[in-house]
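Quick notes on the structure that follows.
All residue numbers refer to positions in the sequence shown, counting from 1. Quick caveat: nothing in here was measured; it's all calculated off a predicted structure.
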Amino acid sequence: MTDQPAVRRRSSDSVPDQWVFRGLLALLCWIPLPLGSNRTFAAAIVIVWAVLLLAGAAYAWRNHGPALAERLRQFRWPVLLLGLFTLIPWLQILPWPAALIGAVSPEALAVWDGIGPPRFTLDPHQTQFYAALSFAYWAIFVVALLCVRSNRRLDTLALVIVGSGVFQAIVGALLFSFGAKYTMFFAEVVHDRVRGTFVYHNHMAGYMELCLSVGIGLMLARLGNDSTPLGHWRSRLRGGIDFMLSPKMVLRLMLVIMVIALVLTRSRMGNGGFFAAMIVVGLLYIALSRKTAPKAVLLIASLIVIDVVVIGTWVGLEKVVSRVQETTMTTEGGGREESVELRLSAARHAMDMSLDFPVLGTGAGSFYGTYLRYRTPREGYFDHAHNDYVEIAADFGLPGLAVLGAFVALTLAAGVRVLVRRRSSLPRGIAFGSLMAMVALIIHSWVDFNLQIPANAATLLVIMAMAWCAGALPSGGQRPLAAA
């Protein structure tokens, strides 16, 4: 009898989608460059690029229908959940009967009364754009799931993400050292801290969290599954010298460069979220390892101790701590940093918006304009809520937030499942990086809006796809480096 799974694997290995994969790599390198793609023209490029990638993937798989169905069947739940979330903006921009809108969102009907055909969104143009951008995110996620079918591609994808992070770190450090000031795409950028090619230092910090997480996972994969004791001091010395002369040292130096950049962003929650995620996921990794490799423990310990104490002290970790201490708790505190109360006021208003529009929200991308109806007099203006959760709830509705939360929870479970079930070093390392990236941004998103930035949102989705791909990699004697 024919081994059907083996036949499907051989069929998928022969899919000529290498150019699609290279296009995905190029997109990941490009997307942070034009201010994190947080401008309409840059996001439009991402939309067109993503659609072309999806079309290219469909063309490459055109003669491999059974293999395509089998591949997507493995990822049906994350694809479906993210697809449902992507569908919400399209529902918001369509004109619906007034009776239906009145029953679901009476506040939206009141806003549209006498203006035009009622819709769920309060800003149709912004929601239309976000509908296209949301579809682009879904397309990028699906393309990553289809293309990354081998160890080699998974390793290459991780290296490209790390390389992009190192590039951002070096550019950011150079511009910071020069104290660069310039205007780009109608945005005034002052490099008083490391920002890379982003406008806002917290978004640079979020991007560093993502790239560092993947880099640490890749480092764990490079260390392998060796669980032998460290042995005599001569053996340890010989191992240390071998490490210093190996490509692993280059990767370790890349991690150091990105840690320096992260610290120099002086992002309070960016640094806090990164190190908290490293500790939490590191302990989980050790707990779920059948035989914990001493090298893995040493790597995690060195990242926590050496990077925080030595590098952090050298480049200014105390300034991050100083920012936390100087942040006042009231708007009248007079601190040099923005107050916590002022920054959280936008989030509180976004919660009011989500309570007034609980089912389908005010419309994707509509916070910028809708916030004017909710802010108190003499209060500063915010174009985002500085809290991804309440802004998503306000824009997409509480069901939308629940769907996205289910997608994230399912991916977290997929990463943990890889740590539990797989023994190969690469899947486990990639799962570690994906889990750490998600946990870091879950923490950071409480006080910032990284998910509203296309560069960070798209990169995160690719990293989440990597967790699913790691679990679907062939095991045992199957060809791990096929489909290069």
Is it true that a side-chain atom of Ser37 and a backbone atom of Ile31 form a donor plus acceptor pair closer than 3.5 Å? yes

Could you pull out the closest heavy-atom pair between Ala364 and Gln92, with the gap in Å? N-OE1, 2.9 Å

Separation between CG of Leu435 and OG1 of Thr411, rounded to the nearest 0.5 Å: 9.5 Å

What do the steps show when you test Asn202 against Met269 for side-chain contact (heavy atoms from CB on, under 4.5 Å), and what is the final call? CA-CA 8 Å; Asn202 279 307; Met269 192 58 76; 5.8 Å; no

Please check: side-chain N/O of Thr265 versus main-chain N/O of His201, any donor-acceptor pairing under 3.5 Å? no

Can we call the ring centroids of Tyr207 and Phe198 under 6.0 Å apart? yes

In Å, rounded to the nearest 0.5 Å, how long is the span from OG1 of Thr127 to CH2 of Trp90? 11.0 Å

Please examine the side chains of Val199 and Arg195, heavy atoms only from C-beta on, and report whether any two atoms are closer than 4.5 Å. no

Nearest heavy-atom contact between Cys211 and Gly165 is SG-CA, 3.6 Å

Heavy-atom nearest pair, Cys29 first then Val160, reads SG-CG1, 3.6 Å

Do Asp395 and Tyr130 come within less than 4.5 Å of each other through their side chains, counting heavy atoms only? no

Note, Phe396 side chain near Pro89 side chain (heavy atom, < 4.5 Å): yes

Indicate, with yes or no, if the rings of Phe407 and Phe141 have centres closer together than 6.0 Å. yes

Is there a donor-acceptor pair under 3.5 Å between the side chain of Arg153 and the backbone N or O of Phe21? no

Arg428 side chain near Ser424 side chain, heavy-atom distance below 4.5 Å: no

Flag, side chain of Arg422 to backbone of Ala470, donor-acceptor distance under 3.5 Å: yes

Output for pair (Leu35 CG, Tyr200 OH), nearest 0.5 Å, gives 15.5 Å

I need the Leu460 CG to Asn450 CG distance, nearest 0.5 Å. 9.5 Å

Residue pair Val390 / Leu401, side-chain heavy-atom distance below 4.5 Å: no

Side chains of Tyr374 and Asp356, donor plus acceptor under 3.5 Å: yes

Any side-chain to backbone donor/acceptor pair from Gln168 onto Met208? Under 3.5 Å, distance only. no

Hey, are the side chains of Ser425 and Leu220 touching, using non-hydrogen atoms and a 4.5 Å cut-off? no

What are the two closest heavy atoms between Asn151 and Leu426, and how far apart are they? O-CD2, 3.4 Å

Taking it one step at a time, do Phe135 and Leu54 satisfy side-chain contact (heavy atoms from CB on, under 4.5 Å)? CA-CA 11 Å; Phe135 177 78; Leu54 186 62; 3.8 Å; yes

Report the distance from atom CG of Asp17 to atom CZ of Arg149, rounding to the nearest 0.5 Å. 4.0 Å

Would you indicate whether the side-chain heavy atoms of Met353 and Phe367 approach each other to under 4.5 Å? yes

Would a 4.5 Å heavy-atom cut-off, applied to side chains only, mark Leu82 and Leu461 as touching? yes

Over all heavy atoms of both residues, which pair between Trp138 and Thr86 is shortest? Give the atoms and the distance, please. CB-OG1, 3.7 Å

Residue pair Arg193 / Ser267, side-chain donor-acceptor N/O under 3.5 Å: no

Sub-3.5 Å donor-acceptor pair from the side chain of Ser177 to the main-chain atoms of Leu174, do we have one? yes

Candidates His386, His384, His349 - the one meeting ring pair (Phe, Tyr, Trp, His ring centres under 6.0 Å) with Tyr371: His349

Does this structure show an ion pair linking Asp155 with Arg222, if we count only N-O contacts that are shorter than 4.0 Å? yes

Check each of Met258, His444, Met436 against Phe274 using the side-chain contact (heavy atoms from CB on, under 4.5 Å) test, and report the only one that passes. Met436

Strictly under 6.0 Å, is that where the ring centroids of Tyr182 and His191 end up? yes

Verdict with reasoning, Leu157 to Val214, per side-chain contact (heavy atoms from CB on, under 4.5 Å): CA-CA 10 Å; Leu157 180 56; Val214 174; over 6 Å; no

Is the gap between the ring centers of Phe449 and His203 under 6.0 Å? yes

Per side-chain contact (heavy atoms from CB on, under 4.5 Å), Leu473 is matched among Leu154, Val418, Val148 by Leu154

Do you know the tightest heavy-atom contact between Ile93 and Thr121? CA-CG2, 4.0 Å

Under 3.5 Å, is there a donor-acceptor pair between the side chain of Ser354 and the main chain of Ala394? no

Have Ser445 and Asp388 got a donor and an acceptor in their side chains that come within less than 3.5 Å? yes

Distance, nearest 0.5 Å, that separates CG of Leu210 from CD1 of Ile161: 8.5 Å

Do Ser434 side-chain atoms and Ile430 backbone N/O form a donor-acceptor pair below 3.5 Å? no

Step by step, work out the side-chain contact (heavy atoms from CB on, under 4.5 Å) result for Val79 and Trp468. CA-CA 11 Å; Val79 170; Trp468 290 98; over 6 Å; no

